[in-house]
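Right, one structure below, let's go through it.
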Amino acid sequence: MTDLTEAAQRREHILRAAVQQGLLDPEGSALAGIVDFDGVAETVDSLHRAFPGSLRVLHAFAAKANSLVPVLAELRRLGMGCEVATGGELDRALAAGFPPDRIVFDSPAKTRAELERALGLGVTINVDNFQELSRIDTILAGRPPRSRIGVRVNSQVGGGTIAAMSTATPTSKFGIALTDQDSRERLLRAFEEHPWLTWVHTHAGSQGCPLSLMAQGVAQAVEFAEEVNGRVGQRQVVGIDIGGGLPVNFATDEVSPGFDTYVDQLREHAPALFSGRYEIITEFGRSILAKNGFMAAYVEYTKNTGGRPIALTHAGVQVATRTVFHPDAWPLRIDAHDPSGGAKHGRPVRQDIAGPACFAGDLLARDRALPLLEPGDIVVLPDTGAYYFSTPFHYNSLPEPAVHAVRISGDGQVRFELVRPAQQPYEPPTLDGQTAPATPLGGLVYR
Ligand SMILES: *Cc1c(COP(=O)(O)O)cnc(C)c1O
């Protein structure tokens, strides 16, 4: 017991309460996600404290990291804004009560209807490319926008250790390239011709990017803003959206790096960001939620195959999609607990921890040394508050698990609040012949 970190003790305390209160149950709810709202409040507070109070900063949570509406609403109450990357995320941000002027819309493929809606609401828009810019021009038809409008630039500073997460590579699909000579010049002219382009946006990557690389990307964006303002002879660019991407430590309970460390790097590489000449938007996602959530799943069966112990659990590809498909880039810690939720302390035995899906690769971990798991035990997957149970994959018709928010009061009382019910068993869809619009194939759509 004494070798558990404070964070592990807290998870154990929450897990015992979840079993006692019936939120986890081997017959009914064999898998659940937990979001620790006390931890979220602490993390958001550390973000607010990391930036100087003298600057105007909007911290917009990247909704894709955890788009559950009650979670978004909690982040709103904690003083955050919201960054959305699709029309669906925009709906969720509005449902969570964010005022439109605290929402930032960043999709690289915004439809005309989505742009009209965002412009009508006054949502901040970051333009991804020249074609989108001319579309906005057409929609505005000479009227000044209510929205803040920026352009996403690609600083092309390079990638991190995970290619799929690196957005500042020379050929990234995102934003307008700053180091391709023709495109930089064309963008400068676009700012001259569109006085309502008043923000510059950049986001160098998400997990796997060194802080210095991210800060260099921001420095390139700030330098470009200065160049625009120099060229037009006034402060047309009033704000820099520095994106998100602070990496998370998945190896231990230590929160590292902190937001303050990143701000130090930003001060070093992009001092003009702190000059007071610019407003700032940030778009952190994973670093706000990952370490404030965990999953718990029952072990259904165990076996021994080819000399290897294997535990078959209820958490797999449906809630740990990246880990299962790309285990080297996205390793997760696993803690073994007994059926009452208490941490198991047996001698470590190398075993595979498998999920329930019907393909051989559905493994949470291979050859992992843990106290030997037995049927009825519970595996806990820390650091999964972002991009895991909140973003389920519907393979094998595995249902979305329930998600509970938790708070612990001073006297140790654990209070849960349902933030997403478990997905209900399949019900046949009803064909609505009266109102269903025709599909491109001429048939009817299911509601
Ligand atoms: C994904 C994304 C973020 C958030 O990244 P995290 O790694 O979760 O902090 C922020 N901004 C944009 C544009 C993104 O695509």
Side-chain angles (χ1 to χ4, degrees), residues 35 40 43-44 46-47 50 57-68 71-72 75 80-90 92-93 103-110 118 123-129 132 150-155 159-169 172-176 199-211 213-215 217-218 221 239-250 255-259 261-263 265-266 280-293 322 329-330 383-388 390-391:
V35 181
V40 172
T43 304
V44 173
S46 78
L47 172 61
V57 187
L58 171 64
H59 293 293
F61 174 71
K64 75 172 182 283
N66 187 325
S67 57
L68 300 174
V71 173
L72 296 179
L75 292 165
M80 293 196 79
C82 192
E83 185 266 353
V84 299
T86 62
E89 288 177 359
L90 176 56
R92 284 166 172 261
I103 300 176
V104 181
F105 188 24
D106 276 349
S107 159
K110 304 174 195 79
V123 163
T124 297
I125 295 173
N126 285 318
V127 176
D128 179 80
N129 57 66
E132 185 187 340
V151 175
R152 178 163 181 171
V153 297
N154 177 2
S155 59
T161 56
I162 309 176
M165 297 290 123
S166 299
T167 49
T169 57
S172 162
K173 75 169 186 177
F174 289 108
I176 295 177
W199 279 71
V200 173
H201 172 224
T202 186
H203 170 71
S206 185
Q207 193 69 17
C209 289
L211 298 193
L213 184 82
M214 292 166 53
V218 172
I240 312 285
D241 180 337
I242 67 169
L246 191 75
V248 164
N249 166 28
F250 284 92
V255 176
S256 158
F259 295 109
T261 310
Y262 184 37
V263 169
Q265 287 278 325
L266 288 169
I280 298 173
I281 292 178
T282 73
E283 304 173 344
F284 297 105
R286 183 177 286 107
S287 50
I288 305 282
L289 255 297
K291 296 198 93 66
N292 293 313
R322 282 187 175 144
W330 299 101
D383 310 327
T384 51
Y387 300 100
Y388 279 91
S390 61
T391 316

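Order of listing sets the numbers, starting from 1, for every ligand and every atom in it. Source: prediction; values computed, not measured.
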Close-contact set for ligand 1 against Arg152 heavy atoms, below 4.0 Å: 13 (C)
State, yes or no, whether a side-chain contact exists between Lys64 and Tyr387 at a heavy-atom distance under 4.5 Å. yes
Does any N or O atom in Gly243 lie less than 3.5 angstrom from one in ligand 1, N or O only? no
Looking at ligand 1, is there an atom of it that comes within less than 4.0 Å of some heavy atom belonging to Gly245? yes
Give the residue and atom name of whichever protein heavy atom lies nearest to atom 11 (N) of ligand 1, and the separation in Å to one decimal. Glu283 OE1, 2.7 Å
Tell me whether Arg286 has any N or O atom under 3.5 angstrom from an N or O of ligand 1. yes
Is there a donor-acceptor contact under 3.5 Å from the side chain of Asn154 to the main chain of Thr169? yes
Would you say Ile176 and Val127 make side-chain contact, with heavy atoms under 4.5 Å? no
In this structure, atom 8 (O) of ligand 1 is nearest to the protein heavy atom Tyr387 OH, 2.6 Å
Main chain of Gly244, side chain of His203: is a donor-acceptor contact present, judged purely on distance under 3.5 Å? yes
Atoms in ligand 1 with a heavy atom of Gly285 nearer than 4.0 Å: 6 (P), 8 (O), 9 (O)
Near Phe284, which atoms of ligand 1 are under 4.0 Å from a heavy atom of that residue? 9 (O)
Could you check whether any side-chain N or O of Lys110 sits under 3.5 Å from a backbone N or O of Asn126, counting only pairs where one atom can act as donor and the other as acceptor? yes
Heavy atoms only: give me the nearest Leu246-Pro257 pair and the separation to one decimal. CD2-O, 3.7 Å
For atom 1 (C) of ligand 1, the closest protein heavy atom turns out to be Lys64 NZ, 1.3 Å
Does Glu83 reach the side chain of Asp241, with side-chain heavy atoms less than 4.5 Å apart? no
Does ligand 1 have an atom that lies less than 4.0 angstrom from a heavy atom of Phe174? no
Of the backbone atoms (N, CA, C, O) and the side-chain heavy atoms from C-beta on, which set of Ala62 has a member under 4.0 Å from an atom of ligand 1: side chain, backbone, both, or neither? side chain
Minimum-distance pair of heavy atoms, taken over all atoms of Ser172 and Thr167: OG-O, 2.9 Å
Only heavy atoms of Asp106, strictly under 4.0 Å: list the atoms of ligand 1 that pass. 13 (C)
Report yes if some heavy atom in the side chain of Thr391 is under 4.5 Å from a heavy atom in the side chain of Ser67; otherwise report no. no
For Glu83, the ligand 1 atoms whose distance to one of its heavy atoms is below 4.0 Å: 11 (N), 12 (C), 13 (C)
Is it the case that the side chain of Asp106 and the backbone of Val84 share a donor-acceptor pair, with hydrogens and angles ignored and the cut-off at 3.5 Å? no
Would you mind running through ligand 1 and noting each atom that sits below 4.0 Å from a heavy atom of Ser206? 5 (O), 6 (P), 7 (O), 8 (O)
At under 4.0 Å between heavy atoms, which part of His203 makes contact with ligand 1: side chain, backbone, both or neither? side chain
